[in-house]
2 protein chains.
Amino acid sequence: MATPQLTKNQSLVMGALAHSEGPMSAYTILDKLRDQGFRAPLQVYRALDKLLEYGLVHRLESLNAFVACTCPDDHEHDRGVTAFTICEGCGQVTEFHDEAIEERLSTLVRGQNFKTEKTTIEIRGHCSSCA
Amino acid sequence: MATPQLTKNQSLVMGALAHSEGPMSAYTILDKLRDQGFRAPLQVYRALDKLLEYGLVHRLESLNAFVACTCPDDHEHDRGVTAFTICEGCGQVTEFHDEAIEERLSTLVRGQNFKTEKTTIEIRGHCSSCA
DNA sequence: GCAATTGATGTAATAACATTACATGGCAAT
DNA sequence: ATTGCCATGTAATGTTATTACATCAATTGC
């Protein structure tokens with residue numbers, strides 16, 4: 001699916017995430033956008049739902065937080081599995097992709113006759129600066 | 001670390017999870033244990049913290065829920081990465097381990113000079129029965 | 001024996017994250 | 001102009017997790 005033009009709220013949330021150093025919770029985003037007229041969590045969650053759907057944003061399950069996708073290229077075709085390292089020290093999040101892992105997981109779940117819809121890979125630890 | 005004798009609350013929580021079909025949220029566990037004297041979430045969370053530490057229980061980040069570990073053998077030595085398939089249809093959770101993925105992830109994060117402490121792999125989708 | 005320490009527990013309150021329900025407004029297609 | 005669709009606004013509520021503080025029991029060292 002081609003990414004459609006973002007609505008006002010979607011653009012504001014996308015902008016907040018894109019300019020952020022690291023991940024933000026929905027409520028942190030809400031606070032950042034109070035000055036632009038945001039009043040309720042739902043405004044943020046609705047925008048996030050769409051941005052997730054378009055692949056412009058990722059949800060970090062282990063943090064209950066969201067980050068802008070850092071893929072340089074287009075988000076339109078399926079990017080396969082996305083994985084993250086998350087530093088407990090500085091909060092830095094690094095997104096990466098790997099075909100080998102993708103294929104290995106694919107093989108393993110096929111053995112269960114399991115049909116994958118979404119894969120979460122999150123590695124918590126310490127980055128080189130915070131070791 | 002050897003698993004110590006479980007306390008009363010830890011045993012009750014462990015029992016609830018072990019006898020459950022699938023994952024349970026902390027509050028669901030609380031409700032199950034009201035008759036045994038549980039009154040507050042903290043009683044559950046404290047027990048879960050210890051059970052997670054001992055490796056007897058896993059936390060499913062994408063569900064905010066907990067499952068008993070299904071490894072048949074001892075939990076005492078490091079089991080490496082644990083991964084799960086989670087069926088959206090029936091809620092069934094299957095735990096699995098794979099050395100190849102472990103090694104590949106290890107290689108990838110070493111390239112970032114990242115020191116892994118905990119790895120989360122959760123695959124949401126549909127199991128063979130619910131496809 | 002007995003203070004000091006440690007770890008488990010109990011209770012209440014609150015914080016943090018997410019959704020449901022319902023009403024409104026804009027805009028395109030017919 | 002009516003209909004349908006989608007984005008939005010607002011309030012209330014539901015769900016998950018933590019902080020703060022008090023108590024109790026077992027152990028250790030003196």
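Each chain gets a letter, A, B and so on, in the order its sequence line appears, and its residues count up from 1.
- Rounded to an integer number of Å, the gap from B/E53 CD to C/dG7 P is 11 Å.
- In terms of heavy atoms, A/C127 sits closest to A/C87 at N-SG, 3.3 Å.
- Put simply, the side chain of A/E122 gets close to the backbone of A/E61: a donor and an acceptor are under 3.5 Å apart.
- Formation of a donor-acceptor pair under 3.5 Å by the B/S11 side chain with backbone atoms of B/T7 is found in this model.
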Could you run down the sub-3.5 Å N/O contacts of the protein with nucleotides 15-17 of chain D?
unit_1	atom_1	unit_2	atom_2	d
D/dA17	OP1	B/R59	NH1	3.1
D/dA17	OP1	B/R59	NH2	2.3
D/dA17	OP2	B/Y45	OH	2.9
D/dA17	O5'	B/Y45	OH	3.3
D/dA17	N7	B/Y27	OH	2.5
D/dA17	N6	B/Y27	OH	3.1

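- Atoms CG (A/L48) and P (C/dT19) sit 11 Å apart, rounded to a whole Å.
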From CA spacing to verdict: salt bridge (Lys or Arg N to Asp or Glu O under 4.0 Å), B/D49, B/R46
CA-CA 5 Å; B/D49 283 346; B/R46 286 203 273 230; over 6 Å; no
Below 3.5 Å is the cut-off: list the nitrogen or oxygen pairs between protein and nucleotides 6-10 of chain D, distance only.
unit_1	atom_1	unit_2	atom_2	d
D/dT8	OP1	A/T7	OG1	3.0
D/dT8	OP1	A/N9	N	3.3
D/dT8	OP2	A/T7	OG1	3.4
D/dG9	OP2	A/N9	ND2	3.1
D/dG9	OP2	A/Q43	NE2	2.4
D/dG9	N7	A/R46	NH2	2.4
D/dG9	O6	A/R46	NH1	3.2
D/dG9	O6	A/R46	NH2	3.3

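- Using modelled atom types, one finds a donor on one side chain and an acceptor on the other under 3.5 Å when comparing A/H58 with A/E95.
- Judged by distance alone, with hydrogens and angles left aside, the side-chain atoms of B/R124 form a donor-acceptor pair with the main-chain N or O of B/S62 at under 3.5 Å.
- Under a 3.5 Å cut-off, the side chain of B/Q10 and the backbone N or O of B/A47 do not form any donor-acceptor pair.
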Tell me, with the steps shown, if B/F38 and B/I29 meet side chain to side chain contact (heavy atoms under 4.5 Å, CB included).
CA-CA 9 Å; B/F38 273 50; B/I29 296 171; 5.8 Å; no
